[in-house]
Structures are given as C-alpha cells and as structure tokens.
Amino acid sequence: MMKTYIFRLFAMVALFCMSACKKDFLGQTDPNAVRVVDYYKTENDILLAVNGTYQALRSSNTMGENSGLFTDERSDDTGRNDNQSNAGEPFQFNDFSLLPSNSYLKAHWLALFQAISRCNLVIGSMDKASFSNPANKIQYTAEAKFIRAIMYFELVRKWGAVPLVTQPLPTLDDVTANTFRVGEAEVYKQIVADLKDALGSNLPNFQPTGTLGRASKAAINAYLGKVYLTMASTLADGKTENLNNANTYLMAAYNMRTFGNLSEIPYADVFDVKKKTSCKELIFQIANKQGDLNYSSSIAANNQAKGENINSLKVSTGIGGNVKLDLINDYEAADPRKDFSVKFANDPTVKDWFITKFRDNSPEAGVNGYGGNDWILMRYADVILMLAEVNNLQGNDPVAIQYLDMVRARAGMPLYAVARADAGYNSKYPTLKLAILHERRVELAFEHHRWFDLLRAFNTTELVAYFKAKPQASYGNAKLANFSTKDRYYPIPFDEVKLDPVKMYQNPGY
C-alpha cells in the first residue's frame with residue numbers, strides 16, 4: 001500500500017529500472033539504475049526539466065483551460081445538469097455532494113503534487129548540473145519556484161492544510177516522514193518565499209513574443225498581490241500587513257504595464273487568437289499552437305453547443321460549456337460582455353446558454369477544433385479589480401471606485417456613481433464590496449476566478465448564506481440546499497486519508 005502511495009501522491013520515486021530477477025529483488029540495488037535526483041547533469045537537462053514544469057500547467061487536472069470542473073463548476077457561474085455521466089462524479093462538484101472517493105478530485109490532487117514534484121527535482125538538481133551560462137541557473141530556479149508557488153496556491157485555497165514538500169524525496173522513509181498536513185499559514189509562507197525569490201531573479205518584466213507563457217516579473221508581482229489579498233481575506237492574523245503587501249505588489253504589477261488606460265484595449269482583443277501575442281493586457285498565459293494536434297486549444301470546440309458554429313468549425317453534438325441562469329441574470333442591461341461571452345443555443349435538442357468567450361472558428365483550426373486560443377491565467381483587468389478590492393478593504397473607497405471605473409469604462413458601462421443611481425443596480429449591489437465582486441464576475445467570467453473570488457469575499461457562514469439565498473430555479477439541477485459549512489474546502493481524497501488518518505486527517509463534514 002505504501003509503495004502505491006509513493007507513486008500516486010508525490011511521484012517522487014527514487015529508482016527506476018528495477019529489473020533484478022532474484023527472489024529478494026526488493027532488497028537489491030541495480031548498479032545500472034539511474035536515480036532521478038542524479039539524472040540532471042547539463043544545462044540542457046535542466047532546461048528540459050523546467051519545460052516539464054510548464055507542461056504540467058497545461059493539464060486539465062491542474063490549471064489548464066479545461067480545469068473548470070475544479071473552479072467555475074464549483075461556483076454559481078457554470079455547472080452541469082447531467083448527474084449520470086461518468087458515474088455522476090463531475091456533478092458532485094456543483095451539487096455540493098462531493099465524496100472523498102471522487103476519482104476526479106483524486107486526479108486533481110495528484111496532478112498538482114506531481115507538478116510540485118517536478119519543480120522540486122529541478123530546484124534540487126541545480127547544483128549538480130554544469131552551466132555554461134550562470135544567468136540561466138538563476139532564471140531556471142526562479143521559473144521552477146514560480147510554478148511551485150502557484151501550484152501550492154491552488155492546493156491551499158481548495159484544501160486548506162496540505163503536505164508541504166520543497167525537496168525531492170528519494171526514499172520511502174523520506175516520503176513517509178513528509179506525509180502530513182501543514183497549516184495554511186505555513187503553506188502561504190512558502191508560497192510567498194518562492195515568489196519573492198523568483199521576483200529577485202533576472203527574469204524580464206514581460207516575456208518577448210518568442211517565449212510567451214514563461215514567468216515574468218509582472219506575473220510574479222501580480223501573483224504576490226493575489227496571494228497577499230487572499231491571506232488578508234482568509235487567515236486570522238496579519239490582515240493589515242497582508243493588505244498593505246497586496247497593494248504594494250499589485251501596484252508594482254500595474255506600474256509595469258505597457259499601455260496607458262485599459263480603455264485602449266478593446267475587450268474582444270483580449271481573446272482574439274490573432275492578437276494574443278500583441279495584446280498588452282495579457283500578463284501570464286499558457287501558449288497554444290493553432291492547428292497542432294498536441295499543443296492546440298480545445299476550449300472553443302468544447303464550449304460549443306449543438307447546432308452552433310460561433311466558437312469552432314468542429315460540429316458539436318452536446319450542450320457545450322453550460323452557463324447558469326444565475327450568471328445570465330447578473331449581467332446588467334446592454335453589457336457588451338454578455339453578448340461576447342455567452343449565447344443561447346436554440347437547437348431542437350439543446351436550448352440553453354453556452355460559453356462563447358473563447359473562439360477560433362478559423363480554417364486554420366479546422367473541423368477538428370485545433371484552436372489557437374492561449375489560456376490566460378493573469379491579465380490587467382484582474383489586477384485592476386484586485387486593486388479596487390484591496391482599497392475597499394483598506395477603507396479607501398474613492399480609490400477603489402477609480403479602479404472599478406477603469407474596467408466599467410472599458411466595457412462601455414455607466415461609471416459607479418451613475419450606476420448607483422439606478423434602483424435595480426443599487427438593490428443588487430448595495431455595497432461597494434458587492435459591486436466589485438459583481439464586476440469581477442462579469443469581466444472575468446469562465447476564466448476560473450469566480451470560486452476563489454467568493455472565498456475571499458465571504459467567510460464560511462456568509463458563503464453558505466450567499467448560496468442559499470439564490471433561487472434554485474436559476475441554478476439548475478444541482479441542489480443549493482446541499483451547501484453547508486463543509487463545502488468551504490474540498491475533502492482530502494480518501495486514499496490519502498486512509499494511509500494515515502491522524503497526519504492526513506479529513507476536513508470537517510466529510
């Protein structure tokens with residue numbers, strides 16, 4: 001059981017090529033085997049390993065474009081009404097009936113830790129490899145720490161306390177010794193340390209066209225700001241200091257921008273496949289290659305509903321990226337982001353809202369739907385609205401409104417002071433906090449931010465009340481009545497808990 005666990009949880013196996021044929025083969029050491037930690041010897045070996053950490057980002061089980069099951073489908077934006085497909089396991093996420101034995105949950109947990117394992121191997125092998133260019137050693141270390149930090153950021157927000165491993169674990173005893181949950185504050189401390197180390201490196205402010213998709217100082221600053229903002233909103237201690245730090249790093253990212261006002265960048269340009277290398281709003285993205293079998297984007301085709309062709313030339317036979325009526329009803333009248341982001345499918349067998357925000361119906365993408373969309377992980381509208389959020393939490397409402405209005409102005413929507421005069425708007429968003437949360441929802445819809453925004457905006461009791469106040473009719477088949485305090489966190493996968501129920505204790509309510 002423990003050997004299975006090593007392969008499953010951290011993928012930090014010490015030996016390969018165990019091919020001995022003797023009865024006591026488990027006690028033998030193959031003299032021809034190469035230990036993973038001793039494999040990396042050259043600068044190119046390290047570069048290929050760093051590339052492998054970026055490859056881990058692409059997975060639908062980590063943070064890739066098709067990972068919405070673990071984010072948006074947990075929220076009130078998207079979901080699925082089919083509780084039968086795949087044994088009903090995907091439905092559990094939005095129905096708040098998630099079981100610790102859920103195989104999708106387990107795959108997500110494993111993939112995140114496997115990505116961290118790759119990063120640890122890279123970082124732990126740096127001093128064993130020879131570098132003809134010492135600057136590359138600094139750069140590659142910074143990139144691996146950046147990826148490790150954002151993977152742990154995913155883990156701590158979803159599960160709370162998690163195992164914290166920052167070095168390769170070459171033996172079974174090493175794995176056993178590190179198999180225990182560490183408190184959120186300690187995990188965040190490591191995330192911050194990794195991001196600050198990366199920020200102090202020789203990485204550029206922005207990556208040039210040829211290396212888009214790699215870490216940059218603008219991206220690191222933006223993530224540091226988001227991490228500190230999350231800490232301020234979710235940890236018991238240090239709120240004032242965390243908010244100050246959030247403001248500092250978000251402003252650093254904002255001041256690195258290469259444009260003047262956000263209004264200079266049309267909203268549609270942000271998602272235009274032809275402008276993805278030149279759009280100045282993009283900070284960090286997973287780069288895809290149009291028409292390529294292995295490195296193309298499938299999100300346009302996957303989101304398309306039957307009878308439609310707005311997203312892709314690939315013929316759809318299903319409902320596509322289903323959108324909840326709750327989000328549709330949250331768009332203000334005449335908000336152009338609605339018409340760009342969603343559409344009502346009027347096929348005889350599919351009559352529902354689906355996602356149209358990510359499109360590539362060009363001949364180059366073809367009938368197989370090999371799209372060129374890059375998956376955007378960080379952009380300036382996100383940073384600007386986080387600055388609004390931070391200033392609101394700091395009591396600087398006039399400044400917060402200035403940032404909020406930057407995004408509303410770009411969308412062609414009335415500025416906040418004018419919107420507040422509308423009785424309908426004021427009734428739905430009676431506080432600036434709720435107005436910012438709404439703006440993030442409609443601006444960043446389907447970009448995998450909504451669930452995390454809700455976790456920052458509300459404590460657990462408030463979050464339960466927020467969901468249960470929604471009309472069930474606008475939520476679909478998933479049951480709002482299921483939502484309870486346990487749903488603030490995901491359950492630890494059952495297979496991990498049963499290995500050590502004390503050190504890998506289950507989250508409450510599961």
Side-chain angles (χ1 to χ4, degrees), residues 8-9 59-64 66-114 151-163 181 184 187 234 321-324 326-327 446 448-470 472 474-501 504-510:
R8 244 192 16 253
L9 177 57
S59 171
S60 60
N61 282 323
T62 57
M63 298 170 59
N66 293 311
S67 64
L69 175 64
F70 311 114
T71 49
D72 287 345
E73 289 195 44
R74 186 66 166 175
S75 77
D76 47 4
D77 279 3
T78 69
R80 58 191 74 197
N81 289 320
D82 181 2
N83 60 5
Q84 299 298 318
S85 296
N86 299 301
E89 286 192 315
F91 183 76
Q92 292 177 13
F93 284 83
N94 199 230
D95 188 53
F96 305 110
S97 56
L98 191 58
L99 298 175
S101 59
N102 187 289
S103 63
Y104 291 81
L105 179 80
K106 176 180 170 181
H108 188 37
W109 168 278
L110 295 180
L112 290 168
F113 272 112
Q114 286 163 357
M151 291 295 180
Y152 264 120
F153 193 33
E154 289 290 303
L155 281 160
V156 73
R157 288 182 293 176
K158 291 171 180 173
W159 278 280
V162 294
R181 297 180 67 183
E184 291 178 62
V187 178
T234 58
N322 189 248
V323 182
K324 289 191 179 299
D326 190 79
L327 170 58
F446 320 121
H448 301 178
H449 297 293
R450 176 63 174 173
W451 177 243
F452 298 131
D453 291 349
L454 292 171
L455 295 182
R456 289 199 312 273
F458 304 114
N459 63 37
T460 303
T461 302
E462 293 169 340
L463 189 62
V464 173
Y466 179 80
F467 269 89
K468 291 199 170 183
K470 294 178 178 292
Q472 179 62 52
S474 68
Y475 201 74
N477 289 341
K479 296 180 178 61
L480 286 166
N482 288 341
F483 197 97
S484 69
T485 55
K486 72 171 176 34
D487 295 300
R488 164 60 180 83
Y489 295 108
Y490 284 159
I492 302 295
F494 174 72
D495 285 344
E496 312 304 337
V497 174
K498 71 180 183 181
L499 290 165
D500 193 332
M504 291 297 294
Y505 57 91
Q506 185 56 272
N507 281 328
Y510 291 103

Applying ring-ring contact (aromatic ring centres under 6.0 Å, His included), can you list everything that pairs with [X], at least two apart in sequence or on another chain?
{"X": "Y510", "result": "none"}
{"X": "H108", "result": "F70, W159"}
{"X": "F483", "result": "F96, F467"}

Minimum heavy-atom separation for N507 and Y489, please, with both atom names.
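Nearest pair, atom of N507 first, then Y489: ND2-CB, 3.6 Å.
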Quick one: salt bridge (charged side-chain N to carboxylate O under 4.0 Å, His left out) partners of E154, sequence neighbours excluded?
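Listed in chain order: R157, K158.
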What pairs with D72 under salt bridge (charged side-chain N to carboxylate O under 4.0 Å, His left out), at least two apart in sequence or on another chain?
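Testing D72 for salt bridge (charged side-chain N to carboxylate O under 4.0 Å, His left out), a comparison that skips the adjacent residues, returns none.
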Could you list the residues that satisfy side chain to side chain donor-acceptor pair (under 3.5 Å) with S103, not counting sequence neighbours?
E89
Residue set satisfying side chain to side chain donor-acceptor pair (under 3.5 Å) with D500, at least two apart, ordered chain then number -> none
side-chain contact (heavy atoms from CB on, under 4.5 Å) involving [X] - partner list, sequence neighbours excluded:
{"X": "S85", "answer": "D82"}
{"X": "D453", "answer": "L437, R440, H449, R456"}
{"X": "Y505", "answer": "A161, R181"}
{"X": "R80", "answer": "L69, E73, P90, F91"}

How would you list all residue pairs meeting salt bridge (charged side-chain N to carboxylate O under 4.0 Å, His left out) that involve residues 460-470, not counting sequence neighbours?
D76-K470, D326-K470
Indicate yes or no for a side-chain donor-acceptor contact from Q472 to the backbone of L480 under 3.5 Å, with no hydrogens or angles considered.
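Side chain of Q472 to backbone of L480: a pair is present.
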